[in-house]
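Start at 1 and go down the list; that is how both ligands and their atoms are numbered.
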Amino acid sequence: MKLAPRTYRQTVQWGFFLFILYLGFQLWRFAVSYGLNGALPETSRPPYPDGAEGFLPIGALTSLKYWLVAGHVHSAHPAAMFIFIGAIAVSVIFKKSFCGWICPIGLISDWLRRPWRRLFKRELSLPPWLDYPLRSLKYIILLFFFWAIVMNMDKAALQGFLDGDYWKVADIKMLLFFTNISALALDVIITLAILSLLLKGFWCRYLCPYGALLGLLSLASPFGIRRDKDRCTGCRKCARECPASLPVDRKERVISPECTSCQSCISACPEDAISYRALRNFTISGPWLAAGILGVFLGVYVLALATGHWHSGVSQADLRRLIPVAGSLEHP
Ligand code: SF4
Ligand code: SF4
């Protein structure tokens, strides 16, 4: 039985989503064993789930710059940086596929758009005069981080941040964001969820600076969506399915920082007119794309592990001192 190309993507997305939930649970157990939220510290504790550091992209960018200017990897949360490098690598090779295949927000956005589609059989979209300026927001946020970290932090400032108490427990702070969520954060999340119900991929399309960066870098990808105009009947099913609202039915080749290689347009096309190709004729099918994305991500993980840059070097003494008070630590 031949599976639709997007089925491979959904399988990988679900696999990562469940794995991320597991990492979050493990991080919570780990933090509680150090006295988080007033718990009594325990003597035996679960291993630290380094993969949870994937939720620290801003610190990861700081670590990456530190590596480039200092010539060595900082020992606190190096996995954050390697996951960031993995996200860049898969997105440069396989066209922003981190957003479409790995990031849990992509999966949640997909869920959120379904009820509306089922109910009303069509989706809302903003008029171009509003859509284009709003799309630039994520690039403005990205520019801010680029200016603050890449342009303005010298080696001493980078080291000061990475050596500091805040970064040592930034993973726990992120955990607390979800487990001890503030009323304001909850309001923001509910607002974003409602907006994502109404407008597909609201967060990814308008606000996510991580996606903005990966999208810009993905323009260097040799892969992309191509439409065979001789087979195309103009039914527009591909464009209607595209979560990025790209006019796939009007392009012979989709060149856009918004395309996430999600394969939805390929699966939707009844004429087999769309393919995922590199350099004109090298077509890659769903299972091979899935294997490629997992292979690149796994390769970066193995590289980090083999070079001794995966496990966090935050000391036991620091964890004992900082985790119980993580909630009150302020950004430096
Ligand atoms: S063009 Fe196709 S692969 Fe790209 S985002 Fe749209 S549906 Fe997904
Ligand atoms: S779904 Fe296929 S046939 Fe229909 S417009 Fe898109 S490319 Fe053409």
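- At a threshold of 4.0 Å, the pair Asp131-Arg205 counts as salt-bridged, since one of the basic side-chain nitrogens sits closer than that to a carboxylate oxygen.
- Each of the following atoms of ligand 2 lies closer than 4.0 Å to a heavy atom of Gly234: 5 (S), 8 (Fe).
- Between Arg9 and Asp110 there is a salt bridge, since at least one side-chain N of the basic residue sits less than 4.0 Å from a carboxylate O of the acidic one.
- At the shortest separation from atom 2 (Fe) of ligand 2 among protein heavy atoms lies Cys269 SG, 2.3 Å.
- Nearest protein heavy-atom neighbour of atom 6 (Fe) of ligand 1: Cys242 SG, 2.3 Å.
- Taking the six-membered ring where tryptophan is involved, the planes of Trp14 and Phe17 are perpendicular, since the angle between them exceeds 60° and thus also 30°.
- Among protein heavy atoms, the minimum distance from atom 5 (S) of ligand 1 is reached at Thr260 N, 3.5 Å.
- In this structure, the protein non-hydrogen atom closest to atom 4 (Fe) of ligand 2 is Cys235 SG, 2.3 Å.
- Near Gln263, meaning under 4.0 Å from any of its heavy atoms, are these atoms of ligand 1: 3 (S), 8 (Fe).
- Two rings, from Phe202 and Tyr206, have their centers less than 6.0 Å apart.
- Atom 8 (Fe) of ligand 1 has as its closest protein heavy atom Cys262 SG, 2.3 Å.
- Shown in contact with Pro243 at under 4.0 Å from a heavy atom are these atoms of ligand 1, numbered in order with element: 7 (S).
- Leu36 has its side chain within reach of Leu176: a pair of non-hydrogen atoms, C-beta onward, lies under 4.5 Å apart.
- Ligand 1 places these atoms under 4.0 Å from at least one heavy atom of Ile225: 2 (Fe), 3 (S).
- Distances from ligand 2 to the non-hydrogen atoms of Val248 include no value under 4.0 Å.
- Short contacts between ligand 2 and Ile274, defined as distances under 4.0 Å to a heavy atom of the residue, involve ligand atoms 7 (S).
- In summary, Lys237 and Glu271 do not engage in a salt bridge, as defined by a charged side-chain N under 4.0 Å from a carboxylate O.
- With a cut-off of 2.8 Å, atom 8 (Fe) of ligand 2 has an N, O or S atom of Cys232 in range.
- When each atom of ligand 2 is checked for a heavy atom of Asp249 under 4.0 Å away, the hits are 5 (S).
- The two residues Ala76 and Val314 make their nearest non-hydrogen contact at CB-CG2, 4.0 Å.
- In summary, the atoms of ligand 2 found under 4.0 Å from a heavy atom of Arg227, numbered by their order in the structure, are 7 (S).
- When only modelled atom types and interatomic distance are considered, Tyr48 and Ser312 share no side-chain donor-acceptor pair under 3.5 Å.
- Under a 4.0 Å criterion applied to the non-hydrogen atoms of Glu271, ligand 2 contributes the atoms 3 (S).
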Quiz prompt | Stepwise ring-ring contact (aromatic ring centres under 6.0 Å, His included) check, His74 with Trp67 | solution = CA-CA 7 Å; His74 195 279; Trp67 185 17; over 10 Å; no

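- Close contacts between ligand 2 and Cys238 involve ligand atoms 1 (S), 5 (S), 6 (Fe), 7 (S) [criterion: under 4.0 Å to a heavy atom].
- Residue side and main chain included, Cys259 places an N/O/S atom under 2.8 Å of atom 4 (Fe) of ligand 1.
- Minimum interatomic distance between Lys96 and Cys259 (heavy atoms only, all atoms of both residues): CB-O, 3.3 Å.
- For ligand 2, the atoms closer than 4.0 angstrom to any heavy atom of Thr233 are 3 (S), 8 (Fe).
- Contacts between Arg236 and ligand 2, counted as non-hydrogen atom pairs separated by less than 4.0 Å, involve the backbone only.
- Here the shortest heavy-atom pairing between Ser91 and Phe98 reads OG-CB, 3.4 Å.
- Between Phe55 and Met174, the closest heavy-atom pair is O-CE, 3.3 Å.
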